[in-house]
Amino acid sequence: MRLLARMLCALVVVLAAVPGVAKATVLRRALTVDSPALAPTYQAGVAWEWQWDAANMSAVPDSVLRAAAGVKIAVIDSGADLSAPDLADKAPSTWSVISRTQRVRDTLGHGTFVSSLAAGSTTDGVGIAGFGGDAQLLVIQAIGRNGFITDVDEAAAIVYAVKHGANIINLSIGGQQTSRIERSAITYAARHGVLLVAAAGNEHEQGNAVEYPAALMRNGIGLAVGATKMNGARASFSNTGSYVSLAAPGENVFAAESADSDWPHAQPPWASPGYYGWASGTSFAAPEVSGAAALVWGANPRLTARQVAWVLTQSASGDSWSSELGWGRLDVAAAVRLAQSTPGAAPHTARQEPRPIHSSPFS
C-alpha cells in the first residue's frame, strides 16, 4: 500500500512537471448547466434554500450536526472565496495544485458554490446552511479559470486530500474519457478508506454520454450523484445510466457565491453579508451528498466508507434502483437513522494518517 502511494505520488509529480502535459492528458470540466440564474427561482411559500427541506435535513438531530466535526470533507474544485461568511466560519484548510500555494481565490465561482453546499456553516446565523453540519472543510483548487482540470491535477488533488485527512472527497467534475492516473488515484483513495462522491453529469439532453469519474464509482468505491428538480423528478439535464447511485436537489439550488466571480447575485429578503444566488447542475447535487455522508459518519463513526455509501443509497426514497435516480432521492434524516442502527465495521482506533465539477455555467 505504501509502495503504491509512493509510486502514485511520484507519477503525479513527474507528470505535472512535464511541459505541455495538460495537452496530452484527459480534461475534466466543472459540471454546471447554462449560467447561474439571477431571475428569482424563489416561489411563494417555498424556502429559498429549498434543497434543505427537500432532503429532509430539518429532521436531523442537532447532536448529529455537531458530531460531524470529526469528519473532513475535501472539495476538489476551482477554489473558494474564503471571505464568504458560510465558509469563513469554518476556517477551511486550503491548497492549490495549480499554484502550489495555499491561495485558492475562486474567480470561476463554481468551487465556492460547491463548498458552501457541502460544508457551509450551520451555526453562523447568516447566509445558507451546508449539508455537512460542523464537518471540517479542505478546499483544494485544481480547476483552472477556464473551468477545466487535467487528470494529472485531479490525481494530485486526490492524493493531497487523502494525505491530509479527508474522509470524503467531492468531485463535481466530468468528462467522457478516463485515464490510468485517474483510476489509480481513485483506487488509492478508496483503499485508504476515503469515500468519493462524484457528479453524474449534465449531458442527458446532448446524448447522455457516460461521464468520468462518476462512472468509476461502482462496486462500493463511491457514489455517483444525479440531480432532481424541486418536485423530486429528475432534472432534464441529469445523466442516467448504470453508474448512478442516487440523486439530490440540483436544479436552481440556492447557495453562497464568490465575490471574485461574475455570477449574478440574488437579493435575499433577510440581512446577510456575502453573496448568494441560484445555479443548476449535478455539480451541486454531489456536495449535498458529501455533506450528508459527513452526518452519517458523525452519527456512527464506526462505519467504513463502503458502509456510508450503502447507508445513503439504502435510505434514499426510491423503492428500487433505476437508471434515472439510482436508489432514489437523498433523505438525510433517514440516512442518519439507518447509520445509528447499523453495526460499524471500522476498527476501534481512529485513523491518524493525514489524508484538491458538475454545474451550470460551464457545460
Side-chain angles (χ1 to χ4, degrees), residues 30-32 49 51-52 54-55 57 60 64-65 68-82 84-94 104 106 109-124 127-143 157-158 161 164-173 194-199 222-225 227 246-250 253-258 276 279 281-298 305 308-309 312 330 332 335 355-359:
L31 295 179
T32 53
E49 195 178 356
Q51 66 267 14
W52 181 273
M57 280 290 295
V60 175
V64 172
L65 298 177
V71 182
K72 183 181 288 187
I73 303 172
V75 173
I76 296 175
D77 217 286
S78 60
D81 179 357
L82 303 182
D86 300 299
L87 300 183
D89 190 63
K90 287 295 185 75
S93 302
T94 62
V104 293
D106 182 21
H110 191 271
T112 301
F113 210 87
V114 169
S115 295
S116 69
L117 286 166
S121 175
T122 60
T123 60
D124 60 357
I128 65 120
F131 276 55
D134 287 352
Q136 303 167 57
L137 176 61
L138 170 58
V139 174
I140 303 178
Q141 184 184 62
I143 297 175
I158 290 172
H164 288 79
N167 304 97
I168 301 157
I169 295 177
N170 189 88
L171 296 165
S172 289
I173 56 176
V194 177
L195 177 65
L196 296 128
V197 180
L223 296 167
V225 184
L246 75 167
V253 296
F254 190 72
E257 295 183 343
S258 172
Y276 306 89
T282 56
S283 269
F284 308 133
E288 295 166 357
V289 172
S290 292
L295 299 185
V296 166
W297 242 321
V308 173
L312 286 164
L330 174 67
V332 185
R355 310 280 185 241
I357 71 192
H358 278 296
S359 63

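- With sequence neighbours excluded, the residues satisfying side-chain contact (heavy atoms from CB on, under 4.5 Å) with A135 are A68, I73, A294.
- With hydrogens and angles ignored, the 3.5 Å screen pairs no side-chain donor or acceptor of E49 with any backbone N or O of A255.
- Note: I128 CD1 to F113 CZ = 8.0 Å, rounded to the nearest 0.5 Å.
- Of the possible donor and acceptor atoms, one in the side chain of Q141 sits under 3.5 Å from a partner among the backbone N and O of S78.
- Minimum heavy-atom separation, A286 to V197: O-CG1, 3.5 Å.
- When side chains are defined from C-beta on, V75 counts as touching L137, because their heavy atoms get closer than 4.5 Å.
- Using a 4.5 Å heavy-atom threshold, the side chains of V332 and L330 count as touching.
- In plain terms, the two heavy atoms of A227 and A285 that are nearest each other are CA-CB, 4.1 Å.
- Counting heavy atoms from C-beta on, the side chains of P85 and Y276 come closer than 4.5 Å.
- Between F131 and Q51 there is a side-chain heavy-atom pair separated by less than 4.5 Å.
- What you find for A335 and V296 is that their closest heavy atoms are CB-CG2, 3.8 Å.
- Scanning both residues, A279 and F284, for their nearest heavy atoms gives CB-CE1, 3.3 Å.
- Among T282, L246, L312, the one residue that satisfies the side chain to side chain contact (heavy atoms under 4.5 Å, CB included) test with V225 is L246.
- L171 places a side-chain heavy atom less than 4.5 Å from the side chain of L196.
- No donor-acceptor distance shorter than 3.5 angstrom exists from the side chain of T112 to the backbone of E257, with no hydrogens or angles considered.
- Contact check for D134 versus T123: side-chain heavy atoms found under the 4.5 Å cut-off.
- Closest non-hydrogen pair, D81 versus L87, comes out as O-CD1, 3.7 Å.
- Closest of all the heavy-atom pairs between A248 and V289 is CB-CG2, 4.0 Å.
- For D86 and S116, the side-chain atoms include no donor-acceptor pair closer than 3.5 Å.
- Each of I168, I169, N167 was checked for a side chain to side chain contact (heavy atoms under 4.5 Å, CB included) with K72, and the lone residue meeting it is N167.
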